[in-house]
Amino acid sequence: LALTGKDSFTGIQYSVEPTRDRFTQEREVSVVRDYDSLLGFTNWIPITSNIFIYPVTNPTDTLTSNIHLKVPMKIHHDRAEVPVFPHHVPNIILGVVGVRTKLRMFFPALYEKDNADRSVELTLEQKTAIYNDGLRPTLQKLDPETLTNWPTTYASALTRAKKRDNRYQYGTRPFPARMVERFGYDLPRLLAEAHPWARDIIFMTQVQGVKEANSHPPDDRQAASDALQVLMTDLHPGLLRAYCWVDVGLELSEPGFSYQWRTDAHRYIIEHFTCLTDAQASAYVNRPSRHYSKDISAGLMHVSGFRGTFALGDADPVYIQAYTTDKALIQQLDGGRHGLAMSGRQLMQGTPPEYMKNIFALYFDARENHNCAARIELRVPIRYATRTALQFPVELVRDSILAITREDWWQWRLIRMLGFMRTLALQNQCVGPLRVGPDALSLSAAILWLTNGLHSRPDDGSAARDLMCTILPLTQDYEQNMLQIPPRDDLVRHGDMLPVCAHGAYFLREIIWPPLTDVPRLQRGPMLRNSTFKYMFGLDFDALRRKYFPPAYIPRTMVPQKRVGTQKGFSKRHRLEDPEPAPVFEDLDFQLAGPPQDGGEDLPWNERVDFPPELEEELPIQLTKNWYQFCSDLLQKCGNIKNEPLNASHCRLTMEERLHVTDNVYKDTNLATVFNRVQWMKVSGREWKEAFDIFFPPRNAPLRVQPQNFPTMKYWEEWFEMKQRLSPENFDTVRNRYWRIFKELLWIPKPHKDRLWKYTPSHDFRTYPLGYSGQAPHVIVSPSSYPPTWE
């Protein structure tokens, strides 16, 4: 239901209609105005504070992403300036001011108009020239006293910055504010004199992510002016007359609610904040265009922000972005993405993958305490910053925003994520050719795309378009207003089937579930292109099959994540460091006899045995720890199916979970919480007592001939040590208390005198799950317990 929106039992197709949460009454809407960032382009450095300069620059700081505006630059030295996109011009970061301001240098002479896909990263030779012929000579002239802290050449700077793992340490050196203006003139001049490609250098000053530092009330020109001064604290006032843009933000929120943008209101927002008419704004959002992008939110068609670029009047914004602040929980710049994203490799590992469990936990916490605000940012020339977007009209708020309760908003994401997790867990539990069949992999790719699209803008590149044509319902009705690929697209031919979301969300087409198939898969239909497989999983289809189902061996990637290595060595210490004494031991007031002592001064310090008696814990605490160690050791020693490495462990608990086990686990008769498969038998009181005698031998019991498991269990070693340090009467008292607490357990492994666990099929036992007939651990159920369950 969470994946297709269809109830497989009743055949009912459900739809999602979030617009029911539109404004229908007066609300207490909080509106805050701010300036989020600044972009300035000058042929001088407009900074009035100390600059921290990079001797060796980090390539990730090179501007490669679109900033949605054009800047006049002299592409040819003897011709007029030409407007170009800065991210198409070779550039390098020069330095920083604080943690929010970056200073870059652009080299227009290196711009290639007909080769926009060319890398804008400077070559090693060009970086060497900038350092050797520009940066160091300028420092020699302006600040020679500090030159001793700078490497003599760029080659030596690289040598100093290189770490043992061959990565680089990108450190900075300070440069005083009093010389910055002169530095901004001398550096370009020296470089231009030495290298023609360094003529007409442009400096870019970028201030990012400072909205919280200058937020102010709307409808207040003076407050807007004061906030702009705060934004420009480290900057020269001359920027007000330069090519400089500021992102003006308006943020709308209400406690306890998630504010979301309505998809059908984009044109009203654009009409209000630009000079476009209603008809022009409507045409702008409805026609296919690279200037306007709709950002579907959480896979809901009626809920989306947008991004739009404009070339209108001087006072109009060049770029508008409407989004919501729920992305703050996952915001991270990684590989060109601005949010956390799961990879195809992560997708194929885990039941479910660890990434999905972490995101589910994040959503779960957000449901309780994370409200979402609707936010719009307008990139305008700085001279208009104090008079743009001074308010968000009440009628526009009413027509463009949905007020969804915080719990409902995050619950939708939780339900979707839970459906994705369970489906992927079923897929990844299976091995063999069906797991890497084209229809199963198409479903996996759909889950990958939908998972990443829950909290970020869904990918809409060519591979994603092919994926949509494979996983979504298709139609030839081009009048549908929920088509995901516009029919006027150059790549679409008349009669092509196009993906559609007619029910308000990204619901997949029909899925085939177990028991009809071992591996959940899409119903046979369109197939993904090989290039799409490679984009989604990093490998084409044939390579995927060879990796996850090779013909001659079992790859480690196919060994289930729930297969826990057997603890063949000595068991690990139980993790409960400071337990409260168990009530059954609380009234025991005698002490253990002191441990062996040898504090002779002739011995080296590391060989003396003189443990101070006062540092030993009270007996009730020691007994409680030994009891919990017993509970943990039993499951630490639970093994795996022999010669079947593709099956999960008998015990479904991870080793870390086994180290935290207490007797509560053995008081729960739902064996499915502990085991993947099990054989059980209810025993008599006599048999239950015999099991206790094996686990906790009485005082006069003869020693066994090296049984399996027991000698490497921590509790077993401590039990025999206790027997040696207690008087016979006190030991019997302690053992009687153990018997009392043991009788409270409802099940326990069936112990044998020669080993702890046995797994061979036996007709004396019943099995879970029903119908299973292979190897499984033997457990016995207390005579005072109801039969165990399997839920």
Side-chain angles (χ1 to χ4, degrees), residues 15-24 66 68-69 247-250 252 259-324 374-380 384 388-403 457-458 460 465 468 475 477-492 494 498-506:
S15 295
V16 182
E17 183 50 74
T19 52
R20 292 181 307 169
D21 292 301
R22 64 186 180 276
F23 279 37
T24 56
N66 193 352
H68 310 289
L69 53 84
D247 285 351
V248 179
L250 286 170
L252 300 88
Y259 275 16
Q260 299 292 324
W261 296 107
R262 291 176 54 169
T263 300
D264 58 3
H266 293 178
R267 65 187 182 117
Y268 303 126
I269 299 171
I270 292 170
E271 178 191 358
H272 177 77
F273 288 108
T274 69
C275 63
L276 295 179
T277 65
D278 177 65
Q280 290 171 327
S282 179
Y284 178 85
V285 300
N286 288 320
R287 67 172 183 263
S289 171
R290 58 188 175 87
H291 299 294
Y292 164 77
S293 297
K294 181 168 55 180
D295 299 334
I296 300 297
S297 182
L300 296 169
M301 300 300 103
H302 301 287
V303 182
S304 66
F306 71 91
R307 291 159 292 124
T309 56
F310 304 88
L312 304 171
D314 187 45
D316 280 292
V318 296
Y319 179 63
I320 299 178
Q321 182 181 16
Y323 63 95
T324 54
R375 181 172 175 82
I376 187 169
E377 293 178 0
L378 302 93
R379 186 161 295 167
V380 297
Y384 299 109
T388 298
L390 283 173
Q391 62 175 341
F392 203 102
V394 174
E395 62 275 9
L396 187 58
V397 173
R398 184 184 62 245
D399 294 339
S400 63
I401 289 179
L402 301 172
R457 178 177 65 87
D460 57 0
R465 292 156 67 90
M468 285 190 279
T475 182
D477 181 6
Y478 292 174
E479 299 303 316
Q480 284 264 11
N481 63 355
M482 289 298 175
L483 290 175
Q484 297 306 298
I485 298 179
R488 294 183 294 275
D489 192 287
D490 294 340
L491 299 177
V492 176
H494 182 72
L498 296 179
V500 64
C501 294
H503 303 287
Y506 282 128

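Position 1 is the first residue of the sequence; numbering continues from there.
- Side chain of S297 to main chain of V303: no donor-acceptor pair is present (N/O by atom type, distance under 3.5 Å, no hydrogens or angles).
- Between T263 and M301, the closest side-chain pair of non-hydrogen atoms is not below 4.5 Å.
- Expressed to the nearest 0.5 Å, how far NE2 of H272 lies from CD1 of I270 amounts to 12.5 Å.
- Taking CD1 of I320 as the start and CD of E377 as the end, the distance is 11.5 Å to the nearest 0.5 Å.
- Side chain of Q391 to main chain of P393: no donor-acceptor pair is present (N/O by atom type, distance under 3.5 Å, no hydrogens or angles).
- A distance-only check finds no donor-acceptor pair linking the side chain of Y384 to the backbone of D314 [under 3.5 Å].
- With values rounded to the nearest 0.5 angstrom, L250 atom CG is found 8.5 Å from L390 atom CG.
- Between Y292 and the options H266, R307, R287, a side chain to side chain donor-acceptor pair (under 3.5 Å) holds for only H266.
- Between Q321 and H68 the shortest side-chain heavy-atom distance does not fall below 4.5 Å.
- When all heavy atoms of D264 and Y268 are compared, the pair lying nearest together is O-CE1, 3.6 Å.
- Of all heavy-atom pairs between S15 and H503, the closest is OG-ND1, 3.1 Å.
- With no hydrogens or angles considered, a side-chain donor-acceptor pair links H291 and T309 at under 3.5 Å.
- Taking each heavy atom of V248 and T388 in turn, the nearest pair found is CG1-O, 3.7 Å.
- No donor-acceptor pair under 3.5 Å is formed between the side chain of S304 and the backbone N or O of I296.
- Put simply, CZ on R262 and CD1 on I269 are 10.0 Å apart, with the number rounded to the nearest 0.5 Å.
- Atoms OG and CG, from S282 and L276 in turn, are 11.0 Å apart once rounded to the nearest 0.5 Å.
- Residues L252 and Y259 come closest through the heavy atom pair O-CD2, 3.5 Å.
- Within the model, atoms CD of Q280 and CG of L312 stand 8.5 Å from one another, a figure rounded to the nearest 0.5 Å.
- No option in F273, Y284, Y319 other than Y284 meets the ring pair (Phe, Tyr, Trp, His ring centres under 6.0 Å) test with F310.
- Nearest heavy-atom pair across D278 and E271 is OD1-OE1, 3.4 Å.
- Between L402 and T19 the shortest heavy-atom distance is CD2-CA, 3.7 Å.
- Checking side-chain atoms of W261 against main-chain N and O of S400 turns up no donor-acceptor pair under 3.5 Å.
- Counting heavy atoms from C-beta on, the side chains of V285 and F306 never come closer than 4.5 Å.
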